[in-house]
Colleague: 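I have a structure I would like to understand better, so I am pasting it below and will then ask my questions one at a time.
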Amino acid sequence: MNKNEPFSLWFDLIHDKLYNGDVIELPVLSGSMMPLLIPRKKIKIMSISWRDVQIGDIIVFKHEKILTAHRLLFKIILFNRSFFYQKGDVNRFGNWINKDQIVGKVIFTQDNSDKFVDLTTPDKKRRAKREAVKQLLLIFFHVLLIIPRRIK
């Protein structure tokens, strides 16, 4: 099997067969990170340790045999346990994942003109952190809207 085939790359990423720093290219299948990650376009994912992810990064994590790329909004490390809160930019709420689920982060994304955009530049990192704060504020706003409805 050719190593450049998406299935082979997906399999290697899911089963931790890539080394830290290896970069693979896979297609985007959903619109949960629109407009940054466009369905049917490609992303480049770098295999990294959970220790290397930062707030605002688009992390790639596995749940069963499914890979998902969402923005990291919050991380907490307590008593040798690590938890990460992630959410798709267009999703209303996110979910907590653990460190063992993280397999990499998106470092390049293909835009509408099929050019790859580098997400690791200082400017893009600042924008990503601002977006993470914005997403957290949106979650709090949605929670504040839901609580009064449940009290009635």
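Note that these values count all heavy atoms, side chains included, but never hydrogens, waters or copies made by symmetry.
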Colleague: Looking at Asn95, is its backbone amide N or carbonyl O close enough to the side chain of Gln86 to form a donor-acceptor pair, meaning the two atoms are under 3.5 Å apart?
Modeller: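 Yes, the answer is positive, given that a donor and an acceptor are paired below the 3.5 Å cut-off.
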
Colleague: Return the CD1 to CD1 distance between Ile43 and Ile38, rounded to the nearest 0.5 Å.
Modeller: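 So the CD1 of Ile43 and the CD1 of Ile38 are separated by 11.5 Å.
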
Colleague: Do Asp111 side-chain atoms and Ser113 backbone N/O form a donor-acceptor pair below 3.5 Å?
Modeller: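 It does hold such a pair.
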
Colleague: Would you kindly confirm whether Ile97 and Met33 end up in one hydrophobic cluster when ILVMFWY residues are joined by side chain heavy atoms under 4.5 Å apart?
Modeller: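 Different clusters.
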
Colleague: Please report the closest heavy-atom contact between Pro39 and Met34, naming both atoms and the distance.
Modeller: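 Taking Pro39 first and Met34 second, the nearest heavy atoms are CD-SD, 3.3 Å.
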
Colleague: Measure across Phe84 and Lys75 and return the closest heavy-atom pair with its distance rounded to 0.1 Å.
Modeller: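 Closest heavy-atom pair between Phe84 and Lys75: CD2-CB, 3.5 Å.
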
Colleague: Provide the closest heavy-atom pair for Phe74 versus Ile76 in the form atom of the first, atom of the second, distance.
Modeller: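 Looks like CE2-CB, 4.1 Å.
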
Colleague: Is any side-chain heavy atom of Lys99 closer than 4.5 Å to one of Ser49?
Modeller: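 No, every pair of side-chain atoms sits at 4.5 Å or beyond.
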
Colleague: Looking at Asp22 and Lys17, is there a salt bridge between them, counting it only when a charged N and a carboxylate O are closer than 4.0 Å?
Modeller: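 Salt bridge absent between Lys17 and Asp22.
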
Colleague: Do Ile102 and Val60 sit in the same hydrophobic cluster, where Ile, Leu, Val, Met, Phe, Trp and Tyr count as joined when their side-chain heavy atoms come under 4.5 Å apart?
Modeller: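 No: no chain of side-chain contacts under 4.5 Å links Ile102 to Val60.
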
Colleague: Checking Asp123 against Thr121: is there a side-chain donor and acceptor pair closer than 3.5 Å?
Modeller: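 Asp123 and Thr121 do not have a side-chain donor-acceptor pair below 3.5 Å.
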
Colleague: Quick one, Lys134 and Arg130 - any side-chain contact, counting heavy atoms below 4.5 Å?
Modeller: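 Heavy-atom side-chain distance check fails, nothing below 4.5 Å.
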
Colleague: Whether Asp89 and Arg71 form a salt bridge (side-chain N of Lys/Arg under 4.0 Å from carboxylate O of Asp/Glu) is what I want to check.
Modeller: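 Yes, Arg71 and Asp89 are salt-bridged.
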
Colleague: May I ask you to test the Lys41-Asp114 pair for a side-chain heavy-atom distance under 4.5 Å?
Modeller: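 Answer yes - side chains close enough.
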
Colleague: Distance from Ser30 atom OG to Ile66 atom CD1, nearest 0.5 Å?
Modeller: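 Those atoms lie 10.5 Å apart.
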
Colleague: Can you tell me how far CG of Leu18 sits from CD1 of Ile45, rounded to the nearest 0.5 angstrom?
Modeller: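 Going from CD1 on Ile45 over to CG on Leu18, the span is 9.5 Å.
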
Colleague: Does a donor on one side chain and an acceptor on the other come within less than 3.5 Å for Ser32 and His70?
Modeller: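 Judged by distance alone, the side chains do pair up.
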
Colleague: I want to check something: taking the side chain as every heavy atom from C-beta on, are Lys42 and Phe108 in contact at a cut-off of under 4.5 Å?
Modeller: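 Counting from C-beta outward, Lys42 and Phe108 never come under 4.5 Å.
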
Colleague: Less than 4.5 Å apart, side chain to side chain, heavy atoms only: is that true for Tyr85 and Ile139?
Modeller: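 Heavy-atom side-chain distance check passes, below 4.5 Å.
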
Colleague: Does any non-hydrogen side-chain atom of Glu25 lie less than 4.5 Å from one of Lys44?
Modeller: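 Yes; the side chains approach each other to less than 4.5 Å.
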
Colleague: Are Leu13 and Leu9 close enough, and set up right, to give a side-chain contact (heavy atoms from CB on, under 4.5 Å), and what steps lead you there?
Modeller: CA-CA 6 Å; Leu13 194 58; Leu9 297 171; over 6 Å; no

Colleague: Begin from the C-alpha positions of Lys65 and His15 and carry the test side-chain contact (heavy atoms from CB on, under 4.5 Å) through to its verdict.
Modeller: CA-CA 9 Å; Lys65 300 290 182 208; His15 294 287; 3.4 Å; yes

Colleague: Mind checking whether Trp96 and Leu78 sit in one hydrophobic cluster, side chains of I, L, V, M, F, W, Y counted as touching below 4.5 Å?
Modeller: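 Both belong to a single hydrophobic cluster.
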
Colleague: Working to the nearest 0.5 Å, report the span between NZ of Lys125 and CG of Leu119.
Modeller: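 Lys125 atom NZ to Leu119 atom CG measures 10.5 Å (nearest 0.5 Å).
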
Colleague: Is any side-chain heavy atom of Leu36 closer than 4.5 Å to a side-chain heavy atom of Lys124?
Modeller: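 Side-chain contact under 4.5 Å: no.
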
Colleague: Looking only at heavy atoms, what is the nearest atom pair of Ile77 and Ser82, with distance?
Modeller: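 Nearest pair, atom of Ile77 first, then Ser82: CG1-OG, 3.7 Å.
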
Colleague: Side-chain contact, heavy-atom cut-off 4.5 Å: Leu67 with Ile14?
Modeller: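 When only atoms from C-beta onward are counted, Ile14 and Leu67 do touch, with a gap below 4.5 Å.
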
Colleague: Would Ile59 and Trp50 satisfy side-chain contact (heavy atoms from CB on, under 4.5 Å), going step by step from the backbone distance to the final call?
Modeller: CA-CA 9 Å; Ile59 60 170; Trp50 63 272; over 6 Å; no

Colleague: Going only through I, L, V, M, F, W and Y residues with side-chain contacts under 4.5 Å, is there a path from Leu138 to Leu73?
Modeller: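 Looking at the clustering, Leu73 is in a separate group from Leu138.
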
Colleague: For a side-chain contact (heavy atoms from CB on, under 4.5 Å) check, start with the C-alpha distance between Lys62 and Asp16, then their side-chain angles and the critical distance, and finish with the verdict.
Modeller: CA-CA 11 Å; Lys62 58 186 174 181; Asp16 300 319; 3.3 Å; yes

Colleague: Treating Ile, Leu, Val, Met, Phe, Trp and Tyr as nodes and any side-chain heavy-atom pair under 4.5 angstrom as an edge, say whether Ile48 and Leu72 lie in one connected cluster.
Modeller: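 Cluster IDs for Ile48 and Leu72 match.
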
